[in-house]
Asks: 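Starting off with a structure, shown below.
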Amino acid sequence: VLMNPTDDSLRVIVQNDSLWGPQHLLRIASEVRMPPQSRKSLPYEWLEIDSSSQGVRIYLSTVSDAAPDPNPSGELRFQISTRYAVDLYRGRIADDLEIHWTPDGVRVHNRGGDFWAGACYPMDGRIRGTPRLASGVLRPGDVRVWSVPTDADGIWLERVDGHVVASPKP
């Protein structure tokens, strides 16, 4: 859902880029007009209909529809805008993870062909501790090294669907 909380009309410029190159494209509008104080959904469609894991990064930036003020001679003006990145994923979520303890924390490698999505927590005894150490998505082949508090008894990797993989400290 896109939102324009301002009192000006905006154009939202949409650009997409596959996380693995151009082979997994998405059909999505390249520009969306946003009236003042409005909300709109941004429909999209995956072009590949198979069940393979796919990921696309969408970049969103806004351009005001308001006419710019005249620029007096000798004056330099800057237009500042924010560019947002949104990752869209489709496919199975799996646990083909390789976990290796290092002196600085833990190295987690997604060795499979599917995504892993969830969060990493410290272990307190045999239960999940707090706070969350990291969260996000590991694409196939991704490697992350996360710092683990010295007093933690291990890590607790919890997928977005609630499935847990725990690794006690060696």
Side-chain angles (χ1 to χ4, degrees), residues 1-5 12-28 30 39 41-63 78-170:
V1 175
L2 301 173
M3 185 172 79
N4 177 8
V12 177
I13 307 300
V14 181
Q15 299 170 304
N16 66 3
D17 181 28
S18 170
L19 299 176
W20 291 293
Q23 72 268 27
H24 297 301
L25 296 177
L26 190 76
R27 181 176 293 132
I28 191 167
S30 60
R39 296 173 70 109
S41 62
L42 184 58
Y44 62 89
E45 177 185 355
W46 294 98
L47 296 179
E48 296 287 329
I49 59 172
D50 63 17
S51 62
S52 66
S53 293
Q54 298 179 35
V56 175
R57 177 164 290 151
I58 305 298
Y59 295 102
L60 304 167
S61 54
T62 59
V63 178
F78 294 95
Q79 179 179 346
I80 299 173
S81 64
T82 303
R83 183 178 185 203
Y84 298 92
V86 178
D87 290 340
L88 301 174
Y89 299 99
R90 181 183 90 170
R92 289 177 7 115
I93 297 176
D95 277 328
D96 193 1
L97 301 177
E98 177 182 85
I99 300 169
H100 176 73
W101 285 90
T102 70
D104 299 326
V106 66
R107 179 183 181 272
V108 179
H109 177 199
N110 183 2
R111 296 172 41 128
D114 296 307
F115 299 106
W116 180 88
C120 176
Y121 297 89
M123 284 179 64
D124 184 3
R126 297 180 143 243
I127 62 171
R128 184 181 92 178
T130 56
R132 180 175 60 205
L133 302 175
S135 65
V137 175
L138 295 178
R139 298 170 298 180
D142 276 357
V143 175
R144 299 286 187 278
V145 177
W146 294 318
S147 297
V148 178
T150 55
D151 61 343
D153 296 312
I155 60 164
W156 178 286
L157 297 170
E158 187 170 332
R159 282 191 333 210
V160 293
D161 63 0
H163 181 79
V164 172
V165 173
S167 176
K169 268 188 184 173

Asks: Can you sort out the partners of Trp101 under side chain to side chain donor-acceptor pair (under 3.5 Å), two or more places apart, ordered by chain and number?
Replies: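 Per chain and number, Trp101 pairs via side chain to side chain donor-acceptor pair (under 3.5 Å) with Ser167.
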
Asks: Can you pull the side-chain hydrogen bond (donor to acceptor under 3.5 Å, both in side chains) pairs that have at least one residue in residues 128-137, sequence neighbours excluded?
Replies: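 Every pair satisfying side-chain hydrogen bond (donor to acceptor under 3.5 Å, both in side chains) with a residue in residues 128-137: Arg128-Glu158.
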
Asks: Can you list the residues that meet the side-chain contact (heavy atoms from CB on, under 4.5 Å) rule with Asp161, with sequence neighbours excluded?
Replies: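 With neighbours one apart ignored, the set is Arg159, His163.
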
Asks: Do Pro122 and Trp156 have side chains that get closer than 4.5 Å, going by heavy atoms?
Replies: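 No, every pair of side-chain atoms sits at 4.5 Å or beyond.
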
Asks: Among Leu138, Ile99, Asp95, exactly one meets side chain to side chain contact (heavy atoms under 4.5 Å, CB included) together with Leu157. Which residue is that?
Replies: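 The option that passes is Ile99.
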
Asks: Write down the atom of Asp114, the atom of Ala94, and the distance for their closest heavy-atom approach.
Replies: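 Residues Asp114 and Ala94, closest heavy atoms: CB-CB, 3.9 Å.
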
Asks: The criterion is side-chain contact (heavy atoms from CB on, under 4.5 Å); which residues satisfy it with Arg107, sequence neighbours excluded?
Replies: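 In terms of side-chain contact (heavy atoms from CB on, under 4.5 Å), with neighbours along the sequence ignored, Arg107 is linked to Glu98, His100, Thr102, His109, Val143, Val145.
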
Asks: Residues in side-chain contact (heavy atoms from CB on, under 4.5 Å) with Tyr84, at least two apart?
Replies: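 side-chain contact (heavy atoms from CB on, under 4.5 Å) list for Tyr84, sorted by chain: Leu60, Thr82.
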
Asks: Kindly determine whether Val56 and Ile28 satisfy side-chain contact (heavy atoms from CB on, under 4.5 Å), including the steps that lead there.
Replies: CA-CA 11 Å; Val56 175; Ile28 191 167; over 6 Å; no

Asks: Could you list all the salt bridge (Lys or Arg N to Asp or Glu O under 4.0 Å) pairs where at least one residue sits in residues 140-154, not counting sequence neighbours?
Replies: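 Counting only pairs at least two positions apart or across chains, the salt bridge (Lys or Arg N to Asp or Glu O under 4.0 Å) contacts touching residues 140-154 are Arg139-Asp142, Asp142-Arg144.
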
Asks: Locate the shortest heavy-atom distance separating Pro149 from Leu133; write the atom from each residue and the value.
Replies: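 Answer, listing the atom of Pro149 first, then Leu133: CD-CD2, 3.8 Å.
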
Asks: Looking only at heavy atoms, what is the nearest atom pair of Lys169 and Thr150, with distance?
Replies: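 Between these two residues, the closest heavy atoms are NZ-O, 2.9 Å.
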
Asks: So do Ile58 and Leu26 actually touch side chain to side chain, heavy atoms under 4.5 Å?
Replies: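 When only atoms from C-beta onward are counted, Ile58 and Leu26 do touch, with a gap below 4.5 Å.
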
